[in-house]
**Student:** 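Below you'll find the structure I mean.
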Amino acid sequence: MDHLPDSFADHPETIGERRAERADGNAIAWTPRDALISLLRDMDADRITPAGLFIAFFEEPAPGSTRTGFRNATRSPIEAMGLIEMGRQRFWQS
């Protein structure tokens, strides 16, 4: 089993990140793993220092089937809802 590095600060850009840069950040060029590595790199290099984080995802375990989930690292449900709403607004503005 591969071991995760203590820091992603020096992790090289992934192919998906480079594809996304060429596509002006188009989300379809990213894989979920690419997005997480990019986020971890920025956090470990102190380019961003999140006080809270909410990640939502979906899986397709079988054709025609979808399962959703999330990871929440905020101080309260109200803070999580505010973060989700602010993220939603920024998404539509981009």
Side-chain angles (χ1 to χ4, degrees):
M1 176 181 215
D2 291 338
H3 294 284
L4 291 176
D6 289 336
S7 173
F8 280 83
D10 296 321
H11 192 285
E13 279 192 339
T14 65
I15 293 170
E17 288 177 278
R18 291 187 182 171
R19 262 194 313 254
E21 286 173 7
R22 286 195 306 269
D24 288 330
N26 188 340
I28 200 164
W30 291 78
T31 68
R33 186 175 190 279
D34 295 330
L36 287 172
I37 289 172
S38 176
L39 182 65
L40 287 169
R41 184 185 314 106
D42 287 349
M43 290 170 67
D44 289 348
D46 293 324
R47 287 189 284 272
I48 60 171
T49 54
L53 181 72
F54 188 96
I55 299 171
F57 64 91
F58 74 94
E59 301 175 283
E60 296 172 325
S65 174
T66 302
R67 182 174 46 213
T68 61
F70 67 92
R71 299 294 185 269
N72 179 23
T74 60
R75 294 173 283 223
S76 72
I78 292 172
E79 187 176 73
M81 292 306 296
L83 178 59
I84 292 166
E85 182 58 28
M86 288 169 37
R88 189 175 74 92
Q89 288 179 20
R90 290 208 49 189
F91 173 80
W92 286 116
Q93 291 170 355
S94 66

**Student:** Distance from Ser7 atom OG to Arg41 atom CZ, nearest 0.5 Å?
**Tutor:**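 Going from the OG atom of Ser7 to the CZ atom of Arg41 covers 10.5 Å.
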
**Student:** Nearest 0.5 Å, please: how far is CG in Leu40 from CE in Met43?
**Tutor:**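 Here the interatomic distance stands at 6.5 Å.
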
**Student:** Determine whether Thr74 and Leu83 satisfy the following criterion, side chain to side chain contact (heavy atoms under 4.5 Å, CB included), listing intermediate values before the conclusion.
**Tutor:** CA-CA 9 Å; Thr74 60; Leu83 178 59; 4.0 Å; yes

**Student:** Sequence neighbours excluded and cut-off under 3.5 Å, please list the side-chain donor-acceptor pairs for residues 44-52, or say none.
**Tutor:**
residue, atom, partner, partner atom, Å
Asp44, OD2, Phe8, N, 2.6
Arg47, NE, Asp42, OD1, 3.0
Arg47, NH2, Asp42, OD1, 3.2

**Student:** Tell me which pairs pass salt bridge (charged side-chain N to carboxylate O under 4.0 Å, His left out) where either residue lies in residues 64-82, with sequence neighbours left out.
**Tutor:**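 Matches after skipping sequence neighbours: Glu59-Arg67, Arg75-Glu79.
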
**Student:** Please list, chain by chain and in numerical order, all residues satisfying ring-ring contact (aromatic ring centres under 6.0 Å, His included) with Phe70, sequence neighbours excluded.
**Tutor:**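 For Phe70 the ring-ring contact (aromatic ring centres under 6.0 Å, His included) partners, ignoring immediate neighbours, are Phe54.
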
**Student:** For Phe91, enumerate each residue passing the side-chain contact (heavy atoms from CB on, under 4.5 Å) test, keeping only those at least two apart in sequence or located in another chain.
**Tutor:**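 Testing Phe91 for side-chain contact (heavy atoms from CB on, under 4.5 Å), a comparison that skips the adjacent residues, returns none.
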
**Student:** Does atom CD of Gln89 have more than 12 heavy-atom neighbours, drawn from other residues, nucleotides or ligands, at distances under 6.0 Å?
**Tutor:**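 Check passes, neighbour count above 12.
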
**Student:** Glu85: which residues meet the salt bridge (Lys or Arg N to Asp or Glu O under 4.0 Å) condition with it, sequence neighbours left out?
**Tutor:**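 Once residues adjacent in sequence are excluded, the partners of Glu85 under the salt bridge (Lys or Arg N to Asp or Glu O under 4.0 Å) criterion are Arg88.
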
**Student:** By side-chain contact (heavy atoms from CB on, under 4.5 Å), which residues pair with Leu36, not counting sequence neighbours?
**Tutor:**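 By the side-chain contact (heavy atoms from CB on, under 4.5 Å) rule, Leu36 matches Ile55.
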
